[in-house]
Amino acid sequence: MLRPLDTQSVRRHFPGLSRKIAGAEAVFFDGPAGSQVPTRVAAAVSDYLLHHNANHGGPFATSVETDAMVDAARAAFADFFGASTPDEIVFGANMTTLTFHLARALARTWKPGDVLVVTDSDHDANVTPWVLAARDVGASVRRVPVRSDTTLDLDALDALLDDRTRLVAVGAASNLSGTIHDVRTIADRAHRHGALVFVDAVHFAAHCRIDVGAWNCDFVACSAYKFFGPHLGVLWGRQELLLNLEAYKVRPAPAHGPEKWQTGTAAFETIAGALAAVDYLADLGSAVGSHGNRRTRLDAAFAAIAQHEQLLTTRLLLGLRSLGAGEVIGLADPTQVARRCATVALVPRGIEPLRLQRALAERGIFAWAGHSYALALCESLGLLPHGVLRVGLLHYATAGEVDRLLEALAQLVACAGTRGA
Ligand SMILES: Cc1ncc(COP(=O)(O)O)c(C=O)c1O
């Protein structure tokens, strides 16, 4: 039996959270754009740079240590993704760069008349790289529409798939509405037509356990800076695909293994930090009572994270409903919190999201306003030009912080209402 998260001890790992604005602790509801990091992540970056800094592949101590650290990081991310081998882990600048890179390599296998499928739910980093790669080879792109509740219209998906479909690119969860998509069903249907499946897990990864086997997909990308690490992109690819696809690389770079996919010198210090982030999460699993291997402890950590975040999301959704603060875009029903991440998109009543964001920032509450690069979603739901106020809770958020936001909204939204803004 696992224990619930102890938020106060969690928060002690994150010095950034004690930041004060106008005498009060800042509220970090900006997590979907980047999380805070625990001390050990910053310490790992610093320790690497101060004591092990070198290029890799040499026989001298710092280079040997660099190789060992990268191997350890690949093993950690194999656990993080549920991969079958660390050779399936590729590091890169960020998810967007890795996706452009992979799209260019995959496009060499496509021909005019081929079809790619993207979704109207996705962040543009999982749309435009595919659209541009398709354009380069004369392939066409079809889009899975979203329903008004932000779930994907899977009935429409069937009509988009045929034997010319080469790839389906889908997000595991929306970075705007928090909606979790049924990746397994999509992957199974795509595979029936021989298409590959690329999953953007950037938003999902901070909230839920990734399991590439359960998803039955071919590629998954995520970004460590969204789950308590430094700025680093991480790609998992099915081993035979990474082996057999031709990567764009310089001649002296390795021709085999994940290094074949890593252009130029890696950001070793951020790899060291990302390794520490995975170990932070695994230790969270120990803290809630799991004492197995790293995969088991990650399972436990994400179970505890989900439990905590669902309680807070319920509180937030109920609070927004009773305030009449505006329209929640997506799964607004508090009984449905298991189908979403703790990211809530609000079209506030009587005040533009950007003005509300600024007013909240003055009160020390950090959140984002606009489309958050979920361009197709905002377009298809008619949310442009103003977009939404996006409130993103991570596992270090507290009920008190949710209440502070609700109190601020009660003042700001009511005040905007009386001004008729
Ligand atoms: C769902 C989603 N996908 C992709 C990206 C792009 O990630 P990166 O900044 O690592 O390129 C983001 C960034 O916010 C995101 O939220």
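Both counts, for ligands and for their atoms, begin at 1 and track the order of listing. Numbering starts at 1 and runs along the sequence shown.
- Using a cut-off of 4.0 Å between Lys/Arg side-chain N and Asp/Glu carboxylate O, R390 and D30 are scored as not salt-bridged.
- Salt bridge status for R164 with D114: absent, with no side-chain N to carboxylate O gap under 4.0 Å.
- Ionic pairing of R142 and D162 is present here: one or more N-O contacts between side-chain nitrogen and carboxylate oxygen are shorter than 4.0 angstrom.
- Counted within 6.0 Å of CZ on F14, heavy atoms from surrounding residues, nucleotides or ligands total more than 12; the atom is thus considered enclosed.
- Between Y248 and H101, the distance separating the two ring centers is not shorter than 6.0 angstrom.
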Show the short N or O contacts, below 3.5 Å, that ligand 1 makes with protein N or O atoms; if there are none, say 'none'.
| from | atom 1 | to | atom 2 | distance (Å) |
| --- | --- | --- | --- | --- |
| ligand 1 | 3 (N) | D200 | OD1 | 3.3 |
| ligand 1 | 3 (N) | D200 | OD2 | 2.5 |
| ligand 1 | 9 (O) | Y225 | OH | 2.5 |
| ligand 1 | 10 (O) | M95 | N | 2.8 |
| ligand 1 | 10 (O) | S223 | OG | 2.4 |
| ligand 1 | 11 (O) | M95 | N | 3.4 |
| ligand 1 | 11 (O) | T96 | N | 2.8 |
| ligand 1 | 11 (O) | T96 | OG1 | 2.5 |
| ligand 1 | 14 (O) | K226 | NZ | 2.6 |

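- Under the side-chain contact (heavy atoms from CB on, under 4.5 Å) criterion, T62 pairs with A54, F60, E65, not counting sequence neighbours.
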